[in-house]
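Note that the structure is predicted; figures quoted are calculated from it, not measured. Note that the numbering runs from 1 along the sequence shown for the chain.
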Amino acid sequence: MKTIVVANQKGGSGKSTLAVHLAAAAGYAGDGPILLSDTDPQGTAGDWFNQRKKSGFDTPLYAPLVLSELRAKVQALRDAGAAYLFIDTAPSIGSVNADLFAVADLILIPLNPTPADLRALVKGLPLVRQSGKPFSFILARVRANLKNNEGAAMALEALGLVLPTRMHERVIYAETFAHGKTALDIEPKGVAAQEVTALWQAVKARLEENANS
């Protein structure tokens with residue numbers, strides 16, 4: 001099982017949207033069994049899952065995590081045959097996330113291409129690096145033709161690996177999230193679904209690179 005932790009110190013970065021869409025994309029790609037978990041006290045991804053279950057969807061599955069039993073629980077999920085575990089986190093990078101980083105095969109850091117997000121990242125990046133775990137940046141909530149896009153991408157490349165696919169600001173992400181769904185469920189051939197599918201392939205390729213390095 002590969003564990004993917006989605007983390008960012010700053011709220012509003014699109015963590016939960018990214019986590020649930022990647023989990024759904026992995027399922028649609030046939031890469032399951034897929035598990036989703038949520039360590040954010042606000043329970044955003046957990047709420048999404050509950051709505052999704054009411055809509056009749058049976059994937060991804062949801063796995064509650066207790067931080068005090070984190071390693072044992074992740075091992076139990078691995079032993080049960082899960083292929084991928086996606087963990088949404090609270091909007092902070094502190095001691096709790098350090099424990100989560102320790103069980104991660106890959107840390108994904110979604111960032112809006114704004115100076116404020118880059119400044120916030122500088123504060124949290126040392127802890128990510130201290131974990132010794134592979135990490136990648138994803139430009140999220142990107143607005144087309146914004147001058148900050150390329151500048152942010154270049155700044156992130158100087159700090160570490162940026163995945164080539166960007167997750168743009170799209171109404172369908174917010175609309176589907178509120179109902180426990182994803183863009184892949186509603187418009188499987190739409191531009192958002194294609195975007196998320198490509199992003200999952202990039203994440204999977206990154207995991208394979210790490211495994212072979």
Side-chain angles (χ1 to χ4, degrees), residues 1-110 124 127-128 131 133-136 138 140 167 173-185 196 199-200 203-204 207:
M1 183 183 77
K2 298 297 184 184
T3 299
I4 300 164
V5 174
V6 183
N8 190 307
Q9 177 173 339
K10 191 172 180 296
S13 62
K15 285 188 304 77
S16 299
T17 300
L18 174 64
V20 304
H21 273 82
L22 282 179
Y28 276 114
D31 293 325
I34 307 299
L35 295 175
L36 175 69
S37 192
D38 190 353
T39 62
D40 185 349
Q42 294 182 14
T44 307
D47 290 344
W48 174 86
F49 171 78
N50 289 331
Q51 288 295 323
R52 188 169 184 78
K53 189 165 59 173
K54 291 177 184 177
S55 299
F57 290 92
D58 56 7
T59 185
L61 299 174
Y62 188 78
L65 285 180
V66 179
L67 290 171
S68 61
E69 303 173 354
L70 183 61
R71 286 184 179 275
K73 181 67 172 181
V74 170
Q75 185 59 51
L77 295 174
R78 182 179 292 110
D79 294 343
Y84 293 95
L85 169 63
F86 295 85
I87 304 179
D88 191 17
T89 61
S92 66
I93 294 180
S95 58
V96 169
N97 279 5
D99 293 337
L100 289 168
F101 294 164
V103 301
D105 292 287
L106 178 63
I107 301 166
L108 293 180
I109 306 171
L127 188 59
V128 175
S131 73
K133 295 304 181 77
F135 64 91
S136 292
I138 295 173
M167 199 168 182
Y173 288 137
E175 288 183 342
T176 55
F177 192 99
H179 300 285
K181 298 178 182 178
T182 69
L184 297 117
D185 306 317
V196 174
L199 186 54
W200 168 237
V203 170
K204 195 160 64 165
L207 284 164

Consider only side-chain N and O atoms of Asp185 and Thr182, and report whether a donor and an acceptor are under 3.5 Å apart. yes
For residues Leu85 and Ser37, determine if any side-chain heavy atom of one lies less than 4.5 Å from a side-chain heavy atom of the other. yes
Just do the side-chain contact (heavy atoms from CB on, under 4.5 Å) check on Leu100 and Leu67 with the steps written out, would you? CA-CA 8 Å; Leu100 289 168; Leu67 290 171; 3.9 Å; yes
To the closest 0.5 Å, what do you measure between NZ (Lys53) and CG (Asp58)? 11.5 Å
Work out which heavy atom in Ala25 is nearest to a heavy atom in Leu184; give both atom names and the distance. N-CD1, 4.0 Å
Any donor-acceptor pair under 3.5 Å linking the side chain of Lys133 with the backbone of Val128? no
Is the shortest side-chain heavy-atom distance between His21 and Thr176 below 4.5 Å? yes
Would one find more than 12 heavy atoms of other residues, nucleotides or ligands at under 6.0 Å from atom NZ of Lys204? yes
Check the side chains of Asp38 and Trp48 for a donor-acceptor pair under 3.5 angstrom, ignoring hydrogens and angles. no
Measure the CD1-CG distance between Ile4 and Leu36 for me, rounded to the nearest 0.5 Å. 11.0 Å
Considering all heavy atoms, the nearest Thr89-Asn8 contact: OG1-N, 4.4 Å
Just so I know, are the side chains of Tyr62 and Asn50 near enough to count as touching, which here means a heavy-atom distance under 4.5 Å? no
Smallest separation among heavy atoms of Gly27 and Ile34, with atom names: N-CG1, 3.8 Å
So, do Phe86 and Leu108 sit near enough that their side-chain heavy atoms are less than 4.5 Å apart? no
Taking every non-hydrogen atom, the tightest pair across Ala45 and Ser16: N-OG, 4.4 Å
Side chain to side chain donor-acceptor pair (under 3.5 Å) pairs, two or more places apart, involving residues 69-87: Gln75-Arg78, Gln75-Asp79
Ala104 and Val5: which non-hydrogen atoms are nearest, and at how many Å? CB-CG2, 3.6 Å
Leu65 side, atom CG; Asp88 side, atom CG - distance, nearest 0.5 Å: 11.5 Å
Could you tell me whether the side chain of Thr17 reaches within less than 4.5 Å of the side chain of Met167, counting heavy atoms only? yes
Determine the minimum heavy-atom distance between Ile138 and Leu199, stating which atoms define it. CD1-CD1, 4.0 Å
Please report the interatomic distance CZ(Phe49) to OG1(Thr59), rounded to the nearest 0.5 Å. 9.0 Å
